[in-house]
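The structure appears below as structure tokens.
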Amino acid sequence: PSLRERYKQELLAAIEAEYRRQRSDLVSLLQWFLRDVWLQSLDASQSLLQFPDLANETQAIAARIPKPAALRNVNIADQLQRQLNTNVQEALAIEVALLKIAL
């Protein structure tokens with residue numbers, strides 16, 4: 001029984017670690033996307049974009065929002081990534097961040 005319990009705890013820890021890794025990857029993708037929107041708002045070179053295949057979409061968003069809002073979006077995503085590495089209520093942090101993002 002003690003060996004079984006140890007394996008169960010190790011499996012749960014591995015699952016939690018994989019979840020956190022995937023969550024971090026997803027927030028990173030959001031950060032890169034919002035960075036592309038910000039760069040588009042600055043009329044930066046297309047070669048700087050992380051997702052050049054989404055250039056039309058990021059340009060459309062950049063045209064709708066002011067430049068300071070585009071930069072604020074990048075900062076919000078960065079703050080979310082940092083918060084998720086602390087002892088914060090995950091769902092609340094994600095919800096607040098997504099509500100703050102201007103698109």
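If you read the sequence from its start, that first residue is 1, and numbering goes on from there.
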Report the C-alpha separation of Gln31 and Asp78 in whole Å, then their side-chain angles, then the decisive distance to 0.1 Å, and conclude whether the side chain to side chain contact (heavy atoms under 4.5 Å, CB included) test is met.
CA-CA 7 Å; Gln31 287 174 297; Asp78 182 54; 3.5 Å; yes

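Here Leu11 sits in one hydrophobic cluster together with Ile15; the rule is ILVMFWY side chains under 4.5 Å apart, joined directly or through other members. Grouped by direct or indirect side-chain proximity (heavy atoms under 4.5 Å, Ile/Leu/Val/Met/Phe/Trp/Tyr only), Tyr7 sits with Leu3.
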Solution key, residues 62-73 side-chain donor-acceptor pairs under 3.5 Å, sequence neighbours excluded:
from, atom 1, to, atom 2, distance (Å)
Arg64, NE, Leu103, O, 3.0
Arg64, NH2, Leu103, O, 2.8
Asn73, OD1, Ala102, N, 2.9
Asn73, ND2, Ala102, O, 2.7

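Between the side chain of Ser41 and the backbone N or O of Trp38, at least one donor-acceptor pair lies under 3.5 Å.
A search for side-chain hydrogen bond (donor to acceptor under 3.5 Å, both in side chains) contacts involving Ser2 returns nothing, not counting sequence neighbours. Evaluation of the side-chain contact (heavy atoms from CB on, under 4.5 Å) rule for Glu5 yields Lys8, Gln9 as partners, not counting sequence neighbours. Arg4 meets the side-chain contact (heavy atoms from CB on, under 4.5 Å) test with no other residue; sequence neighbours excluded. Legend: residues meeting side-chain hydrogen bond (donor to acceptor under 3.5 Å, both in side chains) with Ser47, ordered by chain and number and at least two apart, are Ser45. In terms of the side-chain hydrogen bond (donor to acceptor under 3.5 Å, both in side chains) criterion, residue partners of Ser28 (sequence neighbours excluded) are, by chain and number, Gln81.
Taking CG from Leu30 and CG from Leu98, the interatomic distance works out to 7.0 Å, rounded to the nearest 0.5 Å. From Leu48, atom CG reaches atom CG of Leu42 across 10.0 Å, with rounding to the nearest 0.5 Å. The CG atom of Leu54 sits 14.0 Å away from atom CH2 of Trp32, with the distance rounded to the nearest 0.5 Å.
Sequence neighbours left out, the pairs with a member in residues 87-96 that pass side-chain hydrogen bond (donor to acceptor under 3.5 Å, both in side chains) are Tyr19-Glu90, Arg23-Glu90. Within the structure, side-chain hydrogen bond (donor to acceptor under 3.5 Å, both in side chains) pairs that include any residue of residues 49-61 comprise Gln40-Thr58 (at least two apart or interchain). For residues 30-47, the set of pairs meeting the salt bridge (Lys or Arg N to Asp or Glu O under 4.0 Å) definition, not counting sequence neighbours, is empty.
Of all the heavy atoms in Ala97 and Ile76, the pair that sits closest is O-CG2, 3.6 Å. The two residues Val27 and Leu84 make their nearest non-hydrogen contact at CG2-CD1, 3.9 Å.
Clustering ILVMFWY residues whenever any of their side-chain heavy atoms sit less than 4.5 angstrom apart, transitively, puts Leu80 in a cluster other than the one holding Leu26.
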